[in-house]
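The figures that follow rest on heavy atoms only: side chains count, while hydrogens, waters and symmetry mates do not. Since the structure is predicted, the reported quantities are computational estimates derived from the model, not experimental observations. Residues take their numbers from the sequence shown, with the count starting at 1.
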Amino acid sequence: MPLATTPRSPEEIRAAMQMAAGTISFVLKNLRTPGQPWPAELLISADNMVSTPEGQALFQIPVGTTGGYARSTSGENYRLTITDDSSGAGVTFDSATGLVTNN
């Protein structure tokens, strides 16, 4: 797995967050058994590694960012957010649309 780095410009920060959100969603989709609900939660370690409750590492979010994850009540969809701690800029992946959007 690549190590989390500290991007410098706002554009680099946004690009790193977009890449992390896209990669996490891609890996999570490949781990999911069709017809099963998405995980109830995702975990973030001290080194910013995002993983499933079962311990499957997904990808590291950039240093200086905070991640959030919310699954729908039905378990059919989820939203993954990554927010830059210093600027408040962020990105969201929505499994219902399959898109990463800027916040």
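- Residues forming a side chain to side chain contact (heavy atoms under 4.5 Å, CB included) with Glu41 (at least two apart in sequence, or on another chain): Leu43, Pro53.
- Contacts of Tyr69 classified as ring-ring contact (aromatic ring centres under 6.0 Å, His included), with partners at least two apart in sequence or in another chain: Tyr78.
- A 4.5 Å side-chain heavy-atom check between Phe93 and Val100 finds at least one atom pair inside the cut-off.
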Show me the side-chain donor-acceptor pairs of residues 20-30 shorter than 3.5 Å, one per line, residues at least two apart or across chains.
from: Thr23; atom 1: OG1; to: Met19; atom 2: O; distance (Å): 2.8
from: Ser25; atom 1: OG; to: Ala21; atom 2: O; distance (Å): 3.2
from: Ser25; atom 1: OG; to: Gly22; atom 2: O; distance (Å): 2.8
from: Asn30; atom 1: ND2; to: Phe26; atom 2: O; distance (Å): 3.1

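- For Ser51, the side-chain hydrogen bond (donor to acceptor under 3.5 Å, both in side chains) test picks out no residue, with sequence neighbours left out.
- Residues passing the side-chain hydrogen bond (donor to acceptor under 3.5 Å, both in side chains) test with Gln36, sequence neighbours excluded: none.
- In terms of heavy atoms, Met17 sits closest to Thr83 at SD-C, 3.9 Å.
- Not counting sequence neighbours, the partners of Ser74 by the side-chain hydrogen bond (donor to acceptor under 3.5 Å, both in side chains) test are Ser72.
- In this structure, the side chain to side chain contact (heavy atoms under 4.5 Å, CB included) partners of Ser86, at least two apart in sequence or on a different chain, are Asp84.
- Taking each heavy atom of Ile61 and Ile82 in turn, the nearest pair found is CG2-CD1, 3.7 Å.
- In terms of the side-chain hydrogen bond (donor to acceptor under 3.5 Å, both in side chains) criterion, residue partners of Ser45 (sequence neighbours excluded) are, by chain and number, Asp47.
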- Task: Could you go through the side-chain contact (heavy atoms from CB on, under 4.5 Å) check for Leu58 and Leu31 one step at a time?
- Result: CA-CA 9 Å; Leu58 303 175; Leu31 291 174; 3.6 Å; yes
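- Asn102 pairs by the side chain to side chain contact (heavy atoms under 4.5 Å, CB included) definition with Arg14, Gln18, Val91, not counting sequence neighbours.
- Judged as a salt bridge (charged side-chain N to carboxylate O under 4.0 Å, His left out), the pairs with a partner in residues 56-79 (not counting sequence neighbours) are, in order, Arg79-Asp94.
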